[in-house]
Amino acid sequence: MSETLTVNRKTAEVLSSVYKNVKMASDSILNLMPKVRDEQLKGEMTTQLSVFDAFASRAAKMLAEEGVKPEEENWMTRMGAKWGAMMNTMRDSTSTHLAEMLVEGATMGVNDMLRVLREAENSTASESAVKLARDVCAYEEKLVDEMRANFLR
C-alpha cells in the first residue's frame, strides 16, 4: 500500500514541476508578445506558446489521473517575472533582445527539467511522467538552438 502512495507522490512531483515550468514559459511569452514587432519572431513565439500549452494540458491530465490538482507558480513569482519582463523591455525591445530573453528563460527551464530528471532517476516516478519531463526538456533545448540560429546572429 505505501508503495502505491510513493509512486503517486514521486510521479506527482515530476508532473507538478513540468506543469509549473511550461506555465511559466507560457506566461513569459504572453508578457513579451505585445513588444514583438518582427513577424518571424512573433510567429515563432506563437508556435512556442501552443506547444507549451499542449504540454501543460498533458501534465494537467496526468496529474488529474494521480488525483492531484495542477498548481502554477505562486503569485509573487509570476508577478516578479512579469515586472522583470516589463522593466527589461523598457530599455530594449528589439527582436534580438526579446530573443535573448526567451533563450534565457528556456535555459532556466532546461536546467529545472534536468534537475527534476536527475531526482526522478531510480525513483518510483512513472515512466510516462519522466518521458513528459524529457520531452519538455528536449523542446526547450531545441527552442534555445533555434532562437540562437534565427535571431541571435
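Just the heavy atoms: all of them, side chains too, but no hydrogens, waters or symmetry mates, feed the values below.
Salt-bridge formation is not detected for the pair R118/E121: no Lys NZ or Arg NE/NH1/NH2 atom is positioned less than 4.0 Å from an Asp or Glu carboxylate oxygen. Of the charged side-chain nitrogens involved, none lies within less than 4.0 Å of a carboxylate oxygen, so that D145 and K142 do not count as a salt-bridged pair.
Of the inter-residue distances, the one linking E66 atom CD with M62 atom CE reads 8.0 Å to the nearest 0.5 angstrom. Here the CG-CG distance, from L15 to L63, works out to 4.5 Å after rounding to the nearest 0.5 Å. Going from atom CD of E140 over to atom CG of N111 covers 9.5 Å, rounded to the nearest 0.5 Å. Between atom OG of residue S93 and atom CZ of residue R37 there is a gap of 6.5 Å, rounded to the nearest 0.5 Å.
Within a 6.0 Å radius of CD in E65, more than 12 heavy atoms belonging to other residues, nucleotides or ligands are found.
Across all their heavy atoms, A129 and V14 have their closest contact at O-CG1, 3.5 Å. The shortest heavy-atom contact between L117 and A133 is CD2-CB, 3.7 Å. Looking at every heavy atom in both residues, L152 comes nearest to T96 through CD2-O, 3.4 Å. Heavy atoms only, all atoms of each residue included: M113 and C137 are closest at CB-CB, 3.8 Å. In terms of heavy-atom proximity, V130 sits nearest to A125 at CG2-CB, 4.1 Å. In terms of heavy-atom proximity, T11 sits nearest to T124 at OG1-O, 4.0 Å.
By the 4.5 Å heavy-atom criterion applied to side chains, Y139 and L143 are counted as neighbours. Counting heavy atoms from C-beta outward, M33 and T46 have side chains that approach closer than 4.5 Å. Side-chain contact between D38 and F151 is present, with at least one heavy-atom pair separated by less than 4.5 Å. For the pair E44/L102, no side-chain contact is recorded, criterion being any heavy-atom separation below 4.5 Å from C-beta on. Proximity of M147 to Q48: side-chain heavy atoms (C-beta onward) are separated by under 4.5 Å at one or more points. Side-chain contact between K61 and R58: absent, with no pair of heavy atoms (C-beta onward) separated by less than 4.5 Å.
Between the S123 side chain and the A120 main chain, a donor and an acceptor come within less than 3.5 Å of each other. Side-chain atoms of N31 come within 3.5 Å of backbone atoms of D27 as a donor-acceptor pair (strictly under, hydrogens ignored).
Screening residues 92-124 for ring pair (Phe, Tyr, Trp, His ring centres under 6.0 Å) gives no qualifying pairs among residues at least two apart or on separate chains.
The side-chain hydrogen bond (donor to acceptor under 3.5 Å, both in side chains) test applied to E104 returns no partner, not counting sequence neighbours.
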**OP:** Run the numbers on R134 and E127 for salt bridge (charged side-chain N to carboxylate O under 4.0 Å, His left out), then give the verdict.
**Re:** CA-CA 10 Å; R134 280 190 198 116; E127 185 53 41; 3.0 Å; yes
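Residues S126 and S128 have side chains that bring a donor and an acceptor to within less than 3.5 angstrom of each other.
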Show me the side-chain donor-acceptor pairs of residues 18-26 shorter than 3.5 Å, one per line, residues at least two apart or across chains.
unit_1: N21; atom_1: ND2; unit_2: G109; atom_2: O; d: 3.0
unit_1: S26; atom_1: OG; unit_2: V22; atom_2: O; d: 3.2
unit_1: S26; atom_1: OG; unit_2: D53; atom_2: OD1; d: 3.0

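Following chains of ILVMFWY side-chain contacts shorter than 4.5 Å, one cannot reach L98 starting from M108, and the two form parts of different hydrophobic clusters. Cluster annotation: V51 is not connected to V110 through the hydrophobic network of ILVMFWY side chains, with a link wherever side-chain heavy atoms come within less than 4.5 Å.
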